[in-house]
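Each chain gets a letter, A, B and so on, in the order the sequences are listed, and its residues count up from 1.
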Amino acid sequence: MNWILIFKLAWRNLWRNKRRTLITAGSILFAVILALLMDSMNIGSHEQIISNSLRFGTGYLQIQDTAYFETPSLDFAFDLDKRQEEALNQLLRHHAYAVPRVESFVLAAGESETRGALVIGIIPELENRMNGFQNFLTEGKILNNDDQMVMVGSGLAQRLSLSLHDTLVVIGQGYQGMQAAGKYPIKGIISHPMEFLDNQLIYLPFEEASWLFVMDGKASHWLIMADTDKSALRVQQEIEKLLEGTELQVLHWKDLQPDLVKALAFDAVSGRIMQFILYVVIAFGIFGTVLTMTLERQKEFAILVSLGMKRHILALQCFIETILISILGVGAGIVLGFPVLFYFNRNPIPLGEGLSDLVKEYGMEPFLPFSLAPTVFIFQGITMLILTLIITTYPVWRSLTFPVLENLRR
Amino acid sequence: MPIIQTQQLFKIYNEDTIPVYALRDLSLDFEEGEFTTIVGPSGSGKTTLLNMIGGLDTPTRGDVFIDGTNIASLRKGDLIDFRLRNIGFVFQSYNLIPVLTALENVSLIMELQNLDPKSTRERALQVLEEVGLADKLHSKPSELSGGQQQRVAVARALASRPKFVLADEPTANLDSKAAMNLLDIMAKLNEEESMTFIFSTHDQRVIERARRVVTLVDGALHEDLVKAK
């Protein structure tokens, strides 16, 4: 088979009607850019939701008592012994780190208001490494490990009519039914990006939270933060071995938040359906061109076959022509789409006021993030390739079956 | 042994309803090196006969033997390959590939035969020179006159040294000068390369140059005249 000849014929045929080829490649280009934007925005918002959820909530992994997942009570708090903690740190090394947490719901009161609130006992340095909460400070200062003070979300402060240095009273239930009550001055107010947390958040230093809930240094759970989900899965397997024979377990964030996983999957499917509709429209455009290119050259096909070109070689030539148009459009779409996505990745689009409030209610930050994940580009490439392969069935079928003599007489 | 034999060849359209005979019991032999024209009025079966010999059409009954091979016995793919290696075609309307230059058009069949690129180019250059188009190597068909296009078509048919060339009214679209020029070229190649030519034509100039004239009427052989040398 003379590949040079086949490619030469395919390439020349592509440019025998430059305008038509450019319009077709152009329509693919715009479809790819549009699909890239849609996909990038979709994946970007998922990444943001997952990132927020991991950084401010569950972490990639969580070590907890086996009963804690079903009944998240402080009664199932635990402490790692020195050997376990060392083994854990040794295991995590550079790819991940562990953050002990104390979390419990309390009643929080100001001078005249009382609200339900979430106390999170943190080690400020690790917490900041995990979620950069320091960046959200709007008033006052960040906690130190030995502080007997709190930081509160601006939403909670507003609801309780509290300001910096005012006193917050908390009352709740501690370890094994002990009473937990405390009175703390507000050292800092943060404006948390997730509104539902901002409205109920109280940060206490880990030691102080442990004292408040009478936990004697125990943690309700440990969060493990990793570089990536992939490395988290690897770490999970190793921690599972470490925890063998104990009452503890390590859970992946997908196990901890099954509803989130389902919601994201549902959203992803909706996005894919939109993209599918877009691609169907484009596919018909490409098919129109391919159909014209095929039918207008029936006589030429007949000449080639009568001269001695085998039909499968002719089919291959038609196949390559269609693939080349697709590659041109997809390639140009990705090349031109990348800078656009890069710009929006670095400069997410802020949402308008009404929409901003709405997304905050869902715990999302009020801007449209764009992802640069390789899957965004790979998916478009593969989708277009599959579409093109489907479209090529027509010229391939036609070149394998057209009547030679009838077309030669045209 | 004749290079081409047709035996009791029939081509009947609408055989089940009102049969139309395009060819009727046609048995002909063509020897190597012949310069033959098939003549007859429109609808007499000239083109149908050439299509049968070229394996482009299938007879309703009868056989076509090329160099002893019954082409009806070949599978479709093998028949295309057989055409590629044995038959040169010259069509009335040139039928050059518009996206290829004259040189590339002439090289096409040799490239399909996967011949060595260097010898392919050399042969294409040689044949184009023989047909007087050495200065039009890189011209596309749209940049050539009708006569020049037909000369490229002849060069394409001859370049791969087929066993014979089938030419369907090759001069029909050419002016007198271009037609004579083309006939000179084909006659020269017939003599120098012993190439077998079979033409269908209405053109008196072609008939005059032919050494054998086969006349068809209503699909049947009317006269088979071999001129004295």
Donor-acceptor pairs under 3.5 Å, side chain of residues 333-351 of chain A to any protein atom, not counting sequence neighbours: which ones?
{"residue": "A:Asn345", "atom": "ND2", "partner": "A:Phe370", "partner atom": "O", "Å": "2.5"}
{"residue": "A:Asn347", "atom": "ND2", "partner": "A:Tyr343", "partner atom": "O", "Å": "2.9"}

More than 12 non-hydrogen atoms from neighbouring residues, nucleotides or ligands closer than 6.0 Å to CZ on B:Arg121, yes or no?
-> no
Exercise: identify the closest heavy-atom pair between B:Phe89 and A:Ser306 = CE1-O, 3.3 Å
Greatest number of non-hydrogen atom pairs under 4.5 angstrom with chain B, of A:Arg311, A:Arg297, A:Lys299, falls to A:Lys299
With a 4.5 Å limit on heavy-atom distance, are the side chains of A:Arg12 and B:Glu104 in contact?
-> yes
Please indicate whether A:Met274 has more than 12 foreign heavy atoms, meaning atoms of other residues, nucleotides or ligands, lying under 6.0 Å from its CE.
-> no
CZ/A:Phe7: more than 12 non-hydrogen atoms of other groups inside 6.0 Å = no
Heavy atoms from other residues, nucleotides or ligands near CG of B:Asp218 exceed 12 (cutoff 6.0 Å) = no
Against chain B, label A:Arg409 side chain, backbone, both or neither, depending on which of its atoms sit under 4.5 Å from a heavy atom there.
-> side chain
Check whether more than 12 heavy atoms from other residues, nucleotides or ligands sit under 6.0 Å from atom CD of B:Glu143, and answer yes or no.
-> yes
Proximal component of B:Arg156, with respect to chain A [non-hydrogen, under 4.5 Å] | side chain
Take B:Leu112 and A:Leu5, measure what side-chain contact (heavy atoms from CB on, under 4.5 Å) needs, and give me the verdict at the end.
-> CA-CA 8 Å; B:Leu112 287 172; A:Leu5 175 67; 3.7 Å; yes
For the side chain of A:Asn2 and the backbone of B:Glu111, is there at least one donor-acceptor N/O pair under 3.5 Å apart?
-> yes
CA sep, side-chain torsions, deciding dist, call: B:Val99, A:Trp11, side-chain contact (heavy atoms from CB on, under 4.5 Å) = CA-CA 9 Å; B:Val99 294; A:Trp11 183 253; over 6 Å; no
For B:Gln92, is it the side chain, the backbone, both, or neither that has a heavy atom closer than 4.5 Å to a heavy atom of chain A?
-> neither
Part of B:Ser93 lying under 4.5 Å from any heavy atom of chain A | side chain
More than 12 heavy atoms of other residues, nucleotides or ligands under 6.0 Å from CZ of A:Phe402: is that the case?
-> yes
Is the backbone of A:Val305 close enough, under 3.5 Å, to the side chain of B:Arg83 for a donor and an acceptor to pair up by distance?
-> yes
What distance do B:Leu96 atom CG and A:Ile303 atom CD1 have between them, rounded to the nearest 0.5 Å?
-> 8.0 Å
Let me see the working for B:Leu100 and A:Lys8 under side-chain contact (heavy atoms from CB on, under 4.5 Å), right down to the final yes or no.
-> CA-CA 9 Å; B:Leu100 299 179; A:Lys8 184 165 70 183; 4.2 Å; yes
What parts of residues 48-82 of chain B touch chain A if we use heavy atoms and a cut-off under 4.5 Å?
-> B:Asn51, B:Leu56, B:Asp57, B:Gly77, B:Ile80, B:Asp81
Is B:Glu193 atom CD crowded by more than 12 heavy atoms from other residues, nucleotides or ligands, each under 6.0 Å away?
-> yes
Where on B:Asn95 is there a heavy atom nearer than 4.5 Å to chain A: the side chain, the backbone, both, or neither?
-> both
In residues 6-13 of chain B, which residues are in contact with chain A at a heavy-atom separation under 4.5 Å?
-> B:Tyr13
Answer yes or no: are there more than 12 heavy-atom neighbours, outside A:Ile277 itself, under 6.0 Å from its atom CD1?
-> yes
Kindly compute the distance separating CG (A:Leu304) from CD1 (B:Ile97), expressed to the nearest 0.5 Å.
-> 4.0 Å
Looking only at heavy atoms, which of residues 33-45 of chain B get nearer than 4.5 Å to chain A?
-> none
